[in-house]
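To start, the structure under review is shown below, and the notes come after it.
Letters A, B, ... are given to chains in the order of the sequence lines, protein chains preceding strands, and every chain is numbered from 1. For clarity, every value in this text was computed on a predicted model and none was experimentally measured.
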Amino acid sequence: MIERNPRCNLCRLSQYTDTVCEVGFGRKNADIMVISRMPNSSTYQDMIEAELSQAGIDLTRCYFTSVVKCRSFEKDPGKKDIKTCTENYLDLEIERMKPKFILGFGNEALAAITKNSGIMKYRGRVSEARGATVLCTVSPASVVRNPGQKGAWQADLQLFASTVSGHAGGLEIPKMAIIDDKVKLAKLRTLMAKATLLSYDIETAGQDEWDPTAGIVSLAGTMIYPDADGNDKLIVWVIPLDHPQSPFRKVWRDVLRYIAKAFEGIKVQIAHNGKYDAKWLRVSKVQARVTFDTMLAAHLLDENRLKGLKPLGRMLLGVAPWGIDTKDLRSQPLRPILKYNCLDPYYTYHIYLKLRQDLIDQPRLMRVFKLMVIPANEKLIEIEQRGAWIDPEKLASAINVSFQMRDELDRELMTYVPDPDDPTQDVKVLTWPTQGKKAKWAEVNFNASNWMRWWMFEWLEFPIIERGKVKDDDSPGDPSLAEATMVELQTRFPDHPVLKLLVERSKWQKYCSTYVTRYQEVADDQNRIHTVFKLAGTVTGRLSSGKEDEEKISATRDRGRGVNLQQVPRDPFIRGLFGAPPGWSFIEADFGQIEFRLAVFISRDKNGLRLIREGVDVHLEMAAKMTGKPISLVTKDERKAAKPVNFGYLYGMWWKKFIETAKMKYGVLFTDEQAKASRVAFFDMYPGFVHWHNRQRRIVHEYGRVQSPLGRIRHLPDIFSADKMVVQEAERQAINSPVQSMASDMNLLGMILLDDEFKRLGLRAHTLGLVHDAINFECHNDDLVQVLPLIKSTMEHLPLKKKFGCEIDIPIAADIKVGSHWGYAKELTDEQVFNFQHYYHEFVDESRVS
DNA sequence: AGTCAGCGCGCG
DNA sequence: AAAGCGCGCGCTGACT
């Protein structure tokens, strides 16, 4: 094959290895090439060989080689090393051997073979490159470090084996019925009316369902219906809709309306990420529902697994990835679109059969699925479609103010910037950095740019306090320009005006870029802002908020409409933009100190139970304990400083981090001794937490997973890692997860029940969104008197015992705020909530009429 | 022009 | 020896 060169010194790695330049080994005319990132240790080589044989690969057909040829434990290969080494060795090996199949391990192998980067994205995909069929997956080192990856890793290798053997897929693909004329459509509708189950999927074109140029390209289903003898029959069908080659291209909306009623009548409606499909279909007047979502079920059963339809198809059904490039479907030929559109719901149906059985085998999870996940999904469809109202006048003025503030700060800062064309004033100006290949002067840029680093640390000569990650080539990381650095510099140079200006500027810059302008870009013609809430976006069961994955792809332009409504700055300048339209009020209902309460509930700490039952402010209590003062003398700042103590130490924070948090978030300084003492004080106050932490550690070490009191499971396979740091991380997650999980499930359940009640009682109130432990509503002013007490009592008395067999023996508090706008909503006392008619005028601005 | 990692910061 | 947890996303700069 190729010669090794023991004197090779083309890259740095040769200096860090015992054996310079180990080339590949194995069969010389092999048709399978296995490429690792560097020459494998015998452990990893054994691991790979064992798995490959297990998957059915004949090892004598293989040639094993690597991207870089020097193995080093001290030094990770950098980009340059990889490039140099590949060009000189691996490229030759591939060229000479001409393998039919290539298996790559790790991101380095992926990059060397396919020029792509991002192994977590590209893993497990079969593609063509270098004249071979290629599959890449994570490296064995990564699997050992994070044992949670093992299952998916084995599935990748099995897929590779089945690709090699040519026996792809365990499912027979049935004939598809293409519904392309009126007669077939009428027949389909008749079958639909009888059907008991439908798995459906749509292909779409256009930015989102409200885009005037948007359309549903095709609708496909896999359907179960009884035949004349009452036996279940399966049919796979697809209707071409808004596509140039479709017979229905001009009447596709009518076609959907024609089948709507039959569709809506089907009892079991299955989809993968069905919220997306349902939203599109509802815009076209088909009230599609999701009674079983395979993505949500897969995620609930194992939150760590890949939950896309294709990976699930590969892992659960053993089918090879299918599909087409979904960009601009209307410019592609129709036929393959229909074919692939059919496969999605067909495979979804088979995944459904498996996952449903898995849930039946785990009744507690099934309960969470049926009582929490599926109803929440239904509510979220409506919440996302309704959107949150933003005040158009306030928004317009906020945009003006934000830009004015930022530009004014820029102008002030510019007085400290030298003129680059006037080197006479100071020779240092000659070091003004360049940018780009043509040695162009860098523009002034007060964001975290290279120019900014020069200006701060060379021109203004501030000391470098903190640096970022060390680079690949061992050069030191970039000097930090984070706010924490600025604050630290401020303590050293309190009189320097630049620091204050910069901290202020970064706030306004963020408002301009991330908030106000974005809000205006995405607001619809009713001044509503829409988000996408994901029920499978977090490992704990919390929702995440933002946009569809597809919308994230284009980086700058066409950024998609989805906005994260869980990170709206608390500053009333921003939060005050959101509200309720005239005639309506905005309500925020949040669970007070919920995570702390639940930690006490779960740990059974006696003192914690007592404090909570007595309604004591735990932060105030901690402040008193830390300062040694009686509660009445504790200042506001001291109480503020106690907050990070409670929340940090609760989840395993160490005192060093406490000092940082206290300084950064609350501007309170602590010495090492005070910090250590605060940690002691915390566990002294809540001794039960120590035992609870230990119990969680014991459970996770034994079972590799923990469960929340409502039944949600967090799998923590990393607990079996050989890396101590990884293990400890998993231990802290085992402590945090059940608490965070239960809190967010309570919030979710509260939302579901309230939304049901509003509908049942005909109250004009809607959920606008969820923020982890809070629910935001809008409510017609005339219905506030009924709605406010309903919200409070529902949230404080959730039927957890009835629904999840979990009896809570501590008080739960829902704090209610009302106002015309979120940022200005005022908190109500219990008396005000339950007798709102007497306080109406205090909280409702009647000059705002609809 | 698009992609990606790293940083930094918004929220609970 | 070293240690909160959970998210999304805009910007920069390097690269293709």
Side-chain angles (χ1 to χ4, degrees), chain A residues 79 83 107 111 115-118 120-121 303 435-437 442-443 445-453 466-469 471-472 477-486 506-507 509-515 517-518 531-532 534 537-547 549 551-557 559-560 562-571 574-575 590-591 594-595 599 644-658 660-661 664-665 679 693 714 724-725 727-741 743-744 747 770-774:
Chain A
K79 276 184 190 158
K83 193 161 183 249
N107 198 35
K115 306 293 174 206
N116 289 324
S117 174
M120 296 313 282
K121 180 176 163 191
E303 72 287 355
Q435 196 166 40
K437 289 201 173 110
E443 306 256 336
N445 181 347
F446 294 111
N447 297 337
S449 63
N450 285 340
W451 179 85
M452 178 75 172
R453 292 192 178 91
E466 190 72 44
R467 280 179 181 278
K469 249 179 79 169
K471 304 274 175 72
D472 278 348
D478 293 331
S480 163
L481 292 166
E483 201 184 322
T485 311
M486 303 294 172
S506 98
K507 181 181 101 176
Q509 162 67 19
K510 182 125 187 163
Y511 283 5
C512 293
S513 67
T514 312
Y515 301 111
T517 1
R518 282 293 287 145
T531 186
V532 175
K534 288 188 196 168
T538 75
V539 289
T540 57
R542 272 187 174 185
L543 302 185
S544 73
S545 163
K547 51 187 99 179
D549 289 345
E551 292 181 325
K552 289 183 192 163
I553 293 167
S554 47
T556 44
R557 278 189 315 169
R559 283 187 282 192
V563 162
N564 185 338
L565 290 183
Q566 293 179 332
Q567 59 175 179
V568 179
R570 306 186 70 170
D571 183 347
I574 304 290
R575 227 167 239 209
D590 79 285
F591 284 108
I594 187 66
E595 290 203 11
V645 182
N646 282 337
F647 282 101
Y649 291 147
L650 185 59
Y651 299 130
M653 185 175 65
W654 202 238
W655 59 267
K656 283 214 164 168
K657 176 90 175 190
F658 164 72
E660 243 177 75
T661 316
M664 259 314 292
K665 285 213 151 179
R679 190 166 191 279
H693 284 191
R714 171 89 187 263
K724 238 180 184 173
M725 297 273 284
V727 172
Q728 287 173 338
E729 199 178 336
E731 288 175 352
R732 292 192 299 274
Q733 288 163 336
I735 291 165
N736 170 275
S737 267
V739 179
Q740 190 183 114
S741 181
S744 96
N747 201 46
L770 296 94
V771 195
H772 308 308
D773 60 359

Any residue meeting side-chain hydrogen bond (donor to acceptor under 3.5 Å, both in side chains) with A/Y515, in chain and number order, not counting sequence neighbours: none
For A/E729, check side-chain hydrogen bond (donor to acceptor under 3.5 Å, both in side chains) against everything at least two apart and list the hits. none
Specify the residue among A/M725 and A/S737 whose closest nucleotide of DNA chain C lies further upstream toward the 5′ end. A/M725
With A/D590 via side-chain hydrogen bond (donor to acceptor under 3.5 Å, both in side chains) - residues at least two apart: none
Taking 4.0 Å as the cut-off, does a side-chain nitrogen or oxygen of A/N564 come that near to OP1 or OP2 on B/dC11? no
Base, sugar-phosphate, or nothing for A/S744, non-hydrogen atoms under 4.0 angstrom? nothing
Check every strand shown and say whether A/N450 touches a base, only sugar-phosphate, or nothing at a heavy-atom separation below 4.0 Å. sugar-phosphate
Looking at every strand, decide which applies to A/Q740 at a 4.0 Å heavy-atom threshold: base, sugar-phosphate, or nothing. base
Need one value for A/N445: base, sugar-phosphate or nothing, where a base atom within 4.0 Å counts as base even if backbone is also close, heavy atoms only. sugar-phosphate
If we ignore hydrogens and angles and just use 3.5 Å, is the side chain of A/R575 paired with the main-chain N or O of A/V568 as donor and acceptor? yes
Under 4.0 Å between a side-chain N/O of A/R714 and OP1 or OP2 of C/dC5, yes or no? no
A/E660 atom CD is separated from B/dG8 atom P, nearest whole Å, by 13 Å
Could you check which of C/dC5, B/dG10, C/dG6 has an atom nearest any side-chain atom of A/R732? C/dC5
Rounded distance (Å) that lies between atom C1' of C/dA3 and atom NE2 of A/H693: 12 Å
Assign A/R679 to base, sugar-phosphate, or nothing according to its heavy-atom contacts below 4.0 angstrom with the strands shown. nothing
A/K724 side chain, from C-beta outward: closest of C/dG4, C/dA1, C/dG6: C/dA1
Does A/S544 have a side-chain nitrogen or oxygen under 4.0 Å from the phosphate oxygens OP1 or OP2 of C/dG8? yes
Just the rounded figure in Å: distance from P of B/dC11 to CD of A/E595. 17 Å
Out of C/dC7, C/dG4, C/dC5, minimum distance to the side chain of A/K657 belongs to C/dG4
Taking the side chain from A/S545 and the backbone from A/L565, do they hold a donor-acceptor pair closer than 3.5 Å? yes
Scan A/I735 against the nucleic acid and name what it touches under 4.0 Å (heavy atoms): base, sugar-phosphate only, or nothing. nothing
Sequence neighbours excluded, which residues qualify as salt bridge (charged side-chain N to carboxylate O under 4.0 Å, His left out) partners of A/E303? none
Could you tell me the separation between the CH2 atom of A/W655 and the P atom of C/dG4, rounded to a whole number of Å? 12 Å
For DNA chain C, produce a single dot-bracket line, 5' to 3'. Pairs: Watson-Crick or G-U wobble, both distances under 3.5 Å. Symbols: ( ) within strand, [ ] crossing, | other strand, . unpaired. ....||||||||||||
Side chain of A/K510 (C-beta onward), nearest among C/dG8, B/dG12, C/dC5: C/dG8
A/D590 has an atom CG; how far is it from atom P of B/dC11, in whole Å? 15 Å
Keeping to residues at least two apart or across chains, list the salt bridge (Lys or Arg N to Asp or Glu O under 4.0 Å) pairs with something in residues 731-741 of chain A. A/R697-A/E731
Return the value, rounded to whole Å, for the distance between atom CD of A/Q509 and atom P of B/dG10. 12 Å
Are A/Q567 and C/dC7 close enough that a side-chain N or O sits under 4.0 Å from OP1 or OP2? no
So, is A/N447 close to the C/dT12 phosphate, meaning a side-chain N or O under 4.0 Å from OP1 or OP2? yes
Specify the separation, in whole Å, of atom CZ of A/F647 and atom P of B/dC11. 16 Å
Using a 4.0 Å heavy-atom cut-off, does A/R467 contact any base of the nucleic acid, only the sugar-phosphate backbone, or nothing at all? nothing
Taking atom types as they are modelled, is there a donor-acceptor pair under 3.5 Å from the base of B/dG10 to the side chain of A/R570? no
Categorize A/V568 for me: base, sugar-phosphate, or nothing, with a 4.0 angstrom heavy-atom threshold over every strand shown. sugar-phosphate
Return the value, rounded to whole Å, for the distance between atom CZ of A/F446 and atom P of B/dG8. 18 Å
Side-chain atoms of A/W654 come closest, of B/dG12, B/dG10, C/dA3, to C/dA3
Among the candidates C/dC9, B/dG10, B/dG12, find the nucleotide nearest to the side-chain atoms of A/K547. C/dC9
Minimum heavy-atom separation for A/K534 and A/D549, please, with both atom names. NZ-OD1, 2.7 Å
Is the number of heavy atoms from other residues, nucleotides or ligands within 6.0 Å of CZ (A/R570) greater than 12? no
The side chain of A/H772 is closest to which nucleotide in this list: C/dG6, C/dG4, C/dG13? C/dG6
Looking at C/dC7, I'd like to know if its phosphate oxygens (OP1 or OP2) sit under 4.0 Å from a side-chain N or O belonging to A/T540. no
Just call it for A/S545: base, sugar-phosphate, or nothing, with non-hydrogen atoms closer than 4.0 Å on any strand. sugar-phosphate
From the list A/H772, A/Q733, A/Q740, side-chain hydrogen bond (donor to acceptor under 3.5 Å, both in side chains) with A/T540 holds only for A/Q740
